[in-house]
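Comments concern the structure below.
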Amino acid sequence: MMGSSRDLAVGTVAVASLLIGSMLGDEVNATENPALYLHLAFTATFFAGLLQASLGLLRLGFIVDFLSHATIVGFMGGAATVVILQQLKGILGLQHFTQSTDIISVLRSVFSQIHEWRWESGVLGAIFLFFLLLSRYFSKKRPKFFWISAMAPLTTVILGSLLVYLTHAEKHGVDVIGNLKKGLNPPSFGDFVFTSPYFTTAVKTGMITGIIALAEGIAVGRSFAMFKNYNIDGNKEMVAIGTMNIVGSCFSCYLTTGPFSRSAVNFNAGCKTAMSNVVMAIAVMFTLLFLTPLFHYTPLVVLSAIIISAMLGLIDYEAAIHLWKVDKFDFVVCMGAYIGVVFASVEVGLVIAVAISVLRLLLFVARPKTFILGNLPNSTIYRSVEQYPTTNDVPGILILQIDAPIYFANSSYLRERISRWIDEEEDKLKSTGETSLQYVIFNMSAVGNIDTSGISMLEEVKKITDRRGLKLVLANPGAEVMKKLNKSKFIETIGKEWIYLTVGEAVEACNYKLHTCKPDATTEDSQPWNNV
């Protein structure tokens, strides 16, 4: 209820469960000391929730922005593939199955037990899966019959249970849920472990698993938000998930987040708001108190079929093809997430995708685009000569545009790139015998900010142009850039009369000077930027 996602269905997840089990199992044997083991699990959950809520309260939800569209497409496809493969245990009626989530381990586990495959379970699974997919297809073709797709999962559970009960299929290789213990777990307020030597273990386990669960929950929430075209607030999600775990740890619950499979079933059933979680919780409580005997004959293959049906709709191969056509780098990010999730784990996939995205971001900053501008015929508009081949060069003037903020990360690159542009322009003019280069104009409209390294770069470029007998001119620097250039005395160095509001004004002034005086002279008729 506190979160902003409408589709996230909360519950436990396999990865976090395995992590808690392994980290706590290294310190406490669950068989020999089950009470302490449980108490440490509740304590770890409490600290995980504390960390998650704190991140939200500190407004660190911006980390969600590192999960790009390409990352989400790859993550969803990979997670859906992994979950589908894991359901082969239920479909084939296998008793022993790997705890790993990577595709290699899952396929090895499946094909190493061919002799244990149950054809009865496989046939039932195929029938139920076909029914679920058919109902979804029909509902898509006939939107007014949306309720058929929504009711299909519950219908399969009822039909499957009746079928097993009437035919005694559990005696012929079809696994069923069996006996479920009635009642709710007791409160665990007094079970937290705050004493050594186990306190450190609980904190460490909570911190690590809390971050992983949070990343997965937000990624899943954003995935479904993208499908329905709405935005989620990362800070609200963090506070909501953290509060959920803090409160849950007081009532015998361990780490909870937004599992992909449960959210997919929620999404596929047509839920519209987060109230579906409240309804789900009440339904689970009512079931645990009164209805558990009814699920004795529910075949596990039905649950697997429901999950597979939900997962198939989330492998968006068309989006991946679109990424390939539009942006190859985004496709690499998408496939990095997919391959990481499928061949390693959800966390590895997210880390790979985010790492590639951050690398791309750094490349954008460290290698910004610079290009030469030319004059569009019969206008005072100046655009890239590469984008508009019909533009005209301005004799004696080189116009360059820097397309990014100037920081320490790109200042050296820009200095070298600008020097190369000047060399190339001078060589071109010499080879054609045209007017020699006299002015270099920087269009700084896209330079949103500049640091001291960037200012030093401009000072070095000014020295380079002075040595070559050229004049450096700035056009349309932003307010923040002007403020820093003013404080650093660079404006005094270049001269206020060499700063203009537009490239057109700068070119007009330079042309005037080219025809009236030497390039190092100044006049009062140059219409400078005097509001510095």
Side-chain angles (χ1 to χ4, degrees), residues 7-9 66-88 91 101-107 110 125-126 128-141 143 146 149 152-153 215-216 218-230 232 258-270 304-357 360:
D7 301 284
L8 204 65
F66 285 97
L67 300 174
S68 64
H69 170 74
T71 303
I72 296 301
V73 171
F75 167 77
M76 289 179 66
T81 302
V82 167
V83 172
I84 288 172
L85 290 173
Q86 288 178 329
Q87 301 314 308
L88 292 177
I91 294 292
T101 59
D102 63 282
I103 187 173
I104 303 297
S105 300
V106 172
L107 291 179
V110 169
F128 286 128
L129 182 59
F130 177 76
F131 170 73
L132 290 166
L133 294 177
L134 183 65
S135 64
R136 183 197 297 173
Y137 177 80
F138 182 78
S139 294
K140 281 186 177 180
K141 290 295 183 180
F146 70 93
S149 177
E216 184 170 351
I218 292 178
V220 171
R222 190 167 186 180
S223 300
F224 291 102
M226 184 184 70
F227 259 97
K228 290 190 175 180
N229 195 28
Y230 68 91
I232 67 171
F260 194 81
S261 55
R262 186 176 302 191
S263 299
V265 173
N266 203 41
F267 173 83
N268 195 53
S304 296
I306 291 172
I307 293 174
I308 291 175
S309 171
M311 294 296 107
L312 288 174
L314 298 174
I315 301 177
D316 196 352
Y317 63 90
E318 292 181 352
I321 295 172
H322 178 72
L323 290 173
W324 171 259
K325 292 179 179 178
V326 175
D327 191 325
K328 299 295 189 294
F329 204 107
D330 269 350
F331 179 78
V332 171
V333 172
C334 174
M335 293 310 298
Y338 181 85
I339 293 171
V341 171
V342 170
F343 287 92
S345 66
V346 170
E347 293 70 37
V348 171
L350 286 176
V351 168
I352 290 175
V354 171
I356 297 175
S357 299
R360 185 184 197 185

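Atoms considered below: every heavy atom in the structure, side chains included; atoms not considered: hydrogens, waters and symmetry mates.
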*Rounded to the nearest 0.5 Å, how far apart are CD of Gln87 and CD1 of Ile307?*
4.0 Å
_Exam field: side chain Ser139 to backbone Arg136, donor-acceptor pair closer than 3.5 Å_ = no
*At their closest point, which heavy atom of Asp102 faces which heavy atom of Ala344, and how far apart are they?*
CB-O, 3.5 Å
*Report yes if the side chains of Val220 and Phe75 come closer than 4.5 Å at any heavy-atom pair, otherwise no.*
yes
*Can you name the nearest heavy-atom pair linking Ala337 to Gly74, along with the distance?*
CB-C, 3.9 Å
*So, do Asp7 and Tyr230 sit near enough that their side-chain heavy atoms are less than 4.5 Å apart?*
yes
*Heavy atoms only: give me the nearest Ile232-Ala225 pair and the separation to one decimal.*
CG2-CB, 3.6 Å
*asked:* To the nearest 0.5 Å, what is the distance between NZ on Lys228 and OG on Ser223?
replied: 13.5 Å
*Is there a side-chain contact between Val82 and Val106 (heavy atoms, below 4.5 Å)?*
no
*asked:* Do His69 and Leu323 have side chains that approach each other closer than 4.5 Å (heavy atoms only, starting at C-beta)?
replied: yes
_Which heavy atom of Ala9 sits nearest to which heavy atom of Pro259, and what is that distance?_
O-CD, 3.0 Å
_Partner set under ring-ring contact (aromatic ring centres under 6.0 Å, His included) for Phe329, not counting sequence neighbours_ = none
*asked:* Is there a side-chain contact between Asp327 and Arg360 in this structure, where contact means two heavy atoms from C-beta onward sitting under 4.5 Å apart?
replied: yes
*Can you check whether Ala305's main-chain N or O pairs, donor with acceptor, with Ser309's side chain at less than 3.5 Å?*
no
*Would you give the length of the straight line joining atom CD1 of Ile103 to atom CG of Leu85, rounded to the nearest 0.5 angstrom?*
5.0 Å
_I want to check something: taking the side chain as every heavy atom from C-beta on, are Ile315 and Ile84 in contact at a cut-off of under 4.5 Å?_
yes
*Please collect all side chain to side chain donor-acceptor pair (under 3.5 Å) contacts where either partner lies in residues 311-326, sequence neighbours excluded, each pair once.*
none
*Just how far is it from atom CD1 of Ile352 to atom OG1 of Thr71, taken to the nearest 0.5 Å?*
11.0 Å
*asked:* Are more than 12 heavy atoms, taken from residues, nucleotides or ligands other than Phe130, located less than 6.0 Å from that residue's CZ atom?
replied: no
_Point-to-point distance, once rounded to the nearest 0.5 Å, from CD1 of Ile308 to CD of Gln86_ = 11.0 Å
*Calculate, to the nearest 0.5 Å, the distance between atoms CG and CZ belonging to Leu8 and Phe224 respectively.*
8.5 Å
*Which atom names give the shortest non-hydrogen contact between Gly336 and Ile356, and what distance separates them?*
CA-CD1, 4.5 Å
*Is there side-chain contact between Val348 and Phe343, with at least one heavy-atom pair below 4.5 Å?*
no
*Return the minimal non-hydrogen interatomic distance between Ile91 and Gly125, and the atom names on each side.*
CD1-CA, 3.9 Å
_Do Lys141 and Phe138 make a side-chain contact, defined as non-hydrogen atoms from C-beta onward lying under 4.5 Å apart?_
no
